[in-house]
Student: 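Sharing a structure here in structure tokens format.
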There are 2 protein chains.
Amino acid sequence: MFRRLIESLEVLGPLTSGEREAVESLGAVSRPFAPGAELVAEGDAPAHCRLLLEGQAFRHRTLADGRRQIMSFHTPGDMIDLEGLFLPMDHGLTALTAGEVLHLPHARLLDLMDSHPRVGRRFWTMTLKDAAIFREWILNIGRRTAYVRIAHLFCEVVVRLQRAGLVDNGRCAFPITQQHLSDATGLSAVHTNRTLQALRGEGLLSLRGGELVVLDWPGLQAAGEFDSSYLHLRESAA
Amino acid sequence: MFRRLIESLEVLGPLTSGEREAVESLGAVSRPFAPGAELVAEGDAPAHCRLLLEGQAFRHRTLADGRRQIMSFHTPGDMIDLEGLFLPMDHGLTALTAGEVLHLPHARLLDLMDSHPRVGRRFWTMTLKDAAIFREWILNIGRRTAYVRIAHLFCEVVVRLQRAGLVDNGRCAFPITQQHLSDATGLSAVHTNRTLQALRGEGLLSLRGGELVVLDWPGLQAAGEFDSSYLHLRESAA
DNA sequence: GTTGCCGGCTTACATAGGTTAAGGTGCGGC
DNA sequence: GCCGCACCTTAACCTATGTAAGCCGGCAAC
């Protein structure tokens with residue numbers, strides 16, 4: 001049950017056995033969820049943090065008139081509301097697929113981090129990596145054309161799913177609708193459809209029945225002007 | 001010299017005198033900078049964190065062909081490269097005005113946070129608030145029209161400058177060019193000019209000679225669909 | 001005081017992307 | 001085996017925003 005969490009923490013280098021034990025005794029509870037479930041609502045002040053064990057989710061905010069913006073996608077191993085530890089949630093989290101979250105009580109988590117500062121730093125670093133991704137999205141939406149923007153998004157998703165071990169030979173489950181894609185890229189649904197067809201037409205990918213298939217990875221990266229360094233996949237903590 | 005830092009940390013509630021002393025003995029050095037100075041370069045792996053003591057700066061990334069995206073503006077009291085503590089900088093920081101930064105050595109900072117976990121949490125919370133602002137910018141750029149988008153940006157800047165005590169009767173120093181404004185909002189310079197004239201035409205603000213004057217604050221907030229809750233101005237740490 | 005430059009402003013024109021509306025397709029429910 | 005619904009697709013048209021080019025005013029350098 002803690003495998004995902006330990007793995008996520010150890011991206012930044014191995015933990016000591018004492019640290020690992022401390023993490024494992026957090027008193028966490030796991031909970032299944034259904035596709036489309038609201039995992040965290042805008043305005044919540046949760047009493048525990050959620051680790052995504054299985055499945056996918058996304059972060060979003062909706063304006064009064066219904067326009068929605070998706071701010072990130074999440075894959076197993078991600079802490080999806082770590083910021084809720086200190087701030088009320090200013091956005092919601094919704095499940096894309098069925099899956100499972102692990103609930104880590106705030107109080108226990110804070111104690112753990114106080115007594116094991118190195119572990120605390122790793123949680124902090126997770127939120128810093130999220131922030132780096134937010135910045136990349138600002139750049140993507142602000143300065144790239146629809147075609148490049150969508151390609152870039154797919155590149156990011158594939159790399160992250162791959163790291164979670166969920167890509168098999170270029171194929172992965174990624175059940176988004178074109179509306180989701182529009183809301184993530186700041187485009188209209190119609191234009192997203194047009195652009196997606198262009199990407200398909202170039203033989204770069206296919207997205208159907210909830211499955212994303214990358215047909216030409218170098219081509220997709222080029223189309224998305226993609227450079228994964230902002231994901232900080234290999235950085236280790238001090 | 002530490003006034004700004006202590007103030008920033010105490011937004012989240014008072015520190016104990018022990019904590020305050022520990023912060024004050026960080027061995028920090030202050031450095032002046034000129035307008036346009038590159039405070040942190042993309043790719044840097046700094047050995048200290050910078051607190052903005054005086055002046056303004058902005059965070060940005062430039063693409064190969066010269067397109068630039070500004071990701072945030074910063075005011076005195078902000079830690080501008082706290083993420084550099086754990087990750088190499090994936091973007092640069094440039095001075096907008098003349099000013100001064102305080103250098104806090106990473107090693108000392110890490111020791112401080114290990115021995116005073118409550119102080120560590122507050123630094124962490126600062127980066128979480130930055131992340132909340134990044135998310136708001138994603139929404140702003142992705143889902144709002146040029147007019148609303150620019151108005152929203154000015155609202156944010158004014159609120160933050162106000163909190164730093166730099167707004168006097170609606171007037172504040174904010175020496176950005178229209179090009180800066182374009183790069184922050186993802187618009188072209190020409191369209192930024194048009195839109196700015198519309199805002200002026202509505203009697204909402206004036207921006208000239210490096211000075212921003214808010215002429216109609218309620219009107220500007222309405223135009224920017226602005227709700228400051230994402231800035232988490234009053235949240236206190238656990 | 002001329003020169004050069006930067007930032008602001010304008011105009012004319014081009015286009016990426018939005019809007020509206022309608023038809024098609026697959027699929028679960030009954 | 002039909003219905004309804006969610007999603008995808010297409011088409012026609014529109015407009016917000018981008019591009020290219022040039023001018024103007026102020027100010028710093030010499």
Side-chain angles (χ1 to χ4, degrees), chain A residues 34-36 58 63 65-70 94-98 140-153 173-201 205-213 223 225, chain B residues 34-36 58 63 65-70 94 96-98 140-154 173-201 205-213 223 225:
Chain A
F58 60 95
L63 295 175
D65 63 2
R67 278 172 300 168
R68 180 175 69 166
Q69 179 68 45
I70 292 179
T94 300
L96 203 53
T97 66
N140 201 31
I141 297 175
R143 285 298 181 210
R144 293 203 256 246
T145 182
Y147 183 82
V148 182
R149 210 185 288 182
I150 292 186
H152 191 279
L153 174 58
F174 187 50
I176 49 164
T177 67
Q178 295 185 3
Q179 186 59 57
H180 285 122
L181 200 47
S182 315
D183 289 341
T185 52
L187 297 165
S188 72
V190 173
H191 198 60
T192 299
N193 180 285
R194 290 194 273 249
T195 310
L196 212 40
Q197 288 181 51
L199 287 165
R200 275 199 286 255
L205 58 82
S206 116
L207 178 68
R208 233 179 30 222
E211 190 186 45
L212 171 65
V213 185
E225 300 171 5
Chain B
F58 60 94
L63 295 175
D65 62 1
R67 279 171 301 168
R68 181 174 69 165
Q69 179 68 45
I70 293 179
T94 300
L96 203 53
T97 66
N140 201 31
I141 298 175
R143 286 296 181 211
R144 292 203 257 247
T145 182
Y147 184 82
V148 182
R149 211 185 287 182
I150 293 187
H152 191 279
L153 174 58
F154 281 124
F174 188 50
I176 48 165
T177 66
Q178 295 186 2
Q179 186 59 56
H180 285 121
L181 200 46
S182 314
D183 290 341
T185 52
L187 297 164
S188 72
V190 173
H191 198 61
T192 299
N193 179 286
R194 288 194 273 248
T195 309
L196 213 41
Q197 288 181 50
L199 287 165
R200 276 200 285 257
L205 57 81
S206 116
L207 177 68
R208 232 177 33 220
E211 189 185 46
L212 171 64
V213 186
E225 300 172 4

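Just so we're on the same page: letters track the sequence lines, and every chain starts at 1.
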Student: Within the structure shown, what part of the strands sits under 4.0 Å from B:Arg67 by heavy-atom distance: base, sugar-phosphate, or nothing?
Tutor: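 The answer is nothing, as B:Arg67 stays clear of every strand by at least 4.0 Å.
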Student: Please tell me if A:Ser182 has a side-chain N or O lying less than 4.0 Å from either OP1 or OP2 of C:dG18.
Tutor: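 No, because none of the side-chain N or O atoms of A:Ser182 sits under 4.0 Å from OP1 or OP2 of C:dG18.
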Student: In whole angstrom, give the distance that lies between atom CZ of A:Arg208 and atom C1' of D:dT9.
Tutor: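 Interatomic distance, CZ of A:Arg208 to C1' of D:dT9: 14 Å.
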Student: If you look at every strand shown and take non-hydrogen atoms under 4.0 Å, does A:Thr195 touch a base, only sugar-phosphate, or nothing?
Tutor: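 Answer is nothing: A:Thr195 stays at 4.0 Å or more from every strand.
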Student: Taking any heavy-atom pair under 4.0 Å as a contact, classify B:Gly186: base, sugar-phosphate, or nothing.
Tutor: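 Answer is sugar-phosphate: B:Gly186 comes under 4.0 Å of backbone atoms only.
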Student: I'd like to know if B:Arg194 reaches the base of D:dG18 with its side chain such that a donor and an acceptor end up less than 3.5 angstrom apart.
Tutor: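 Checked by distance alone, the answer is yes.
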Student: Rounded off to whole Å, could you give me the NE2-to-P distance for the B:His180 and C:dG8 pair?
Tutor: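 Atom NE2 in B:His180 sits about 10 Å away from atom P in C:dG8.
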Student: Over how many whole Å does the gap from A:Leu187 atom CG to D:dT9 atom C1' extend?
Tutor: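 Interatomic distance, CG of A:Leu187 to C1' of D:dT9: 17 Å.
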Student: From the set C:dG8, C:dG17, D:dT9, return the single nucleotide nearest to any side-chain atom of B:Gln178.
Tutor: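 When the side chain of B:Gln178 is considered, C:dG8 is the closest of C:dG8, C:dG17, D:dT9.
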Student: Specify the separation, in whole Å, of atom CD1 of A:Ile141 and atom C1' of C:dG17.
Tutor: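 Going from CD1 in A:Ile141 over to C1' in C:dG17 covers 15 Å.
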Student: Between D:dC7 atom P and A:Leu207 atom CG, what is the distance in whole Å?
Tutor: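 Going from A:Leu207 (CG) to D:dC7 (P), I get 13 Å.
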Student: Mind checking A:Arg200 for me? I need base, sugar-phosphate or nothing, with any heavy atom below 4.0 Å counting as a touch.
Tutor: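 Sugar-phosphate, backbone atoms only, no base.
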Student: Does a nitrogen or oxygen in the side chain of A:Asn193 sit under 4.0 Å from OP1 or OP2 of D:dT9?
Tutor: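 The answer is yes; a side-chain N or O of A:Asn193 sits under 4.0 Å from OP1 or OP2.
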Student: What is the distance, to the nearest angstrom, from the CZ atom on B:Arg144 to the P atom on C:dG17?
Tutor: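 It is 21 Å, rounded to the nearest whole Å.
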Student: Between B:Asp183 and A:Arg143, does any side-chain N to carboxylate O distance fall below 4.0 Å?
Tutor: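 Looking at A:Arg143 together with B:Asp183, the answer is yes, because their closest N to O distance falls below 4.0 Å.
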Student: Please check if any side-chain donor atom of B:His191 sits under 3.5 Å from a side-chain acceptor atom of B:Arg194, or the reverse.
Tutor: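 There is such a pair between these side chains.
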Student: So, does A:Gln197 get its side chain near the phosphate of D:dT10, meaning an N or O under 4.0 Å from OP1 or OP2?
Tutor: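 Yes, A:Gln197 has a side-chain N/O under 4.0 Å of OP1/OP2 on D:dT10.
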Student: Answer yes when B:Arg67 and A:Glu225 have at least one side-chain N-carboxylate O distance shorter than 4.0 Å, and no when they do not.
Tutor: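 A salt bridge links B:Arg67 with A:Glu225.
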Student: Verify the contact: side-chain N or O of B:Thr192 to OP1 or OP2 of D:dT17, cut-off strictly under 4.0 Å; return yes or no.
Tutor: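 For D:dT17, neither OP1 nor OP2 has a side-chain N or O of B:Thr192 closer than 4.0 Å.
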Student: For B:His180, is there any backbone N or O sitting under 3.5 Å from a side-chain donor or acceptor partner on B:Thr177?
Tutor: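 Confirmed, B:Thr177 side chain pairs with B:His180 backbone.
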Student: Can you tell me the distance, in whole Å, between the CG atom of A:Leu96 and the P atom of D:dC7?
Tutor: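 Rounding to the nearest Å, CG of A:Leu96 and P of D:dC7 are 11 Å apart.
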Student: Of the listed nucleotides (D:dT9, C:dG17, D:dG18), which one gets closest to any side-chain atom of B:His191?
Tutor: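 Among D:dT9, C:dG17, D:dG18, the one nearest the side chain of B:His191 is D:dG18.
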Student: Given atom CG of A:Leu196 and atom P of D:dT10, what is their separation to the nearest angstrom?
Tutor: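 So the CG-P distance, A:Leu196 to D:dT10, works out to 11 Å.
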Student: Is there side-chain contact between A:Leu63 and A:Arg68, with heavy atoms separated by less than 4.5 Å?
Tutor: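 A side-chain contact is absent here, since even the closest heavy-atom pair is not under 4.5 Å.
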Student: Go through C:dT19, C:dA16, D:dC8 for me and flag the one nearest to the A:Val190 side chain.
Tutor: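 Closest nucleotide among those given: C:dT19.
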Student: Would you check if the side chain of B:Arg200 reaches a backbone N or O of B:Ser206 as a donor-acceptor pair within less than 3.5 Å?
Tutor: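 Here the side-chain-to-backbone pair does not exist.
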Student: Base, sugar-phosphate alone, or nothing: which one does A:Ser188 contact when heavy atoms must sit under 4.0 Å apart?
Tutor: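 Counting heavy atoms under 4.0 Å across all strands, the contact made by A:Ser188 includes a base.
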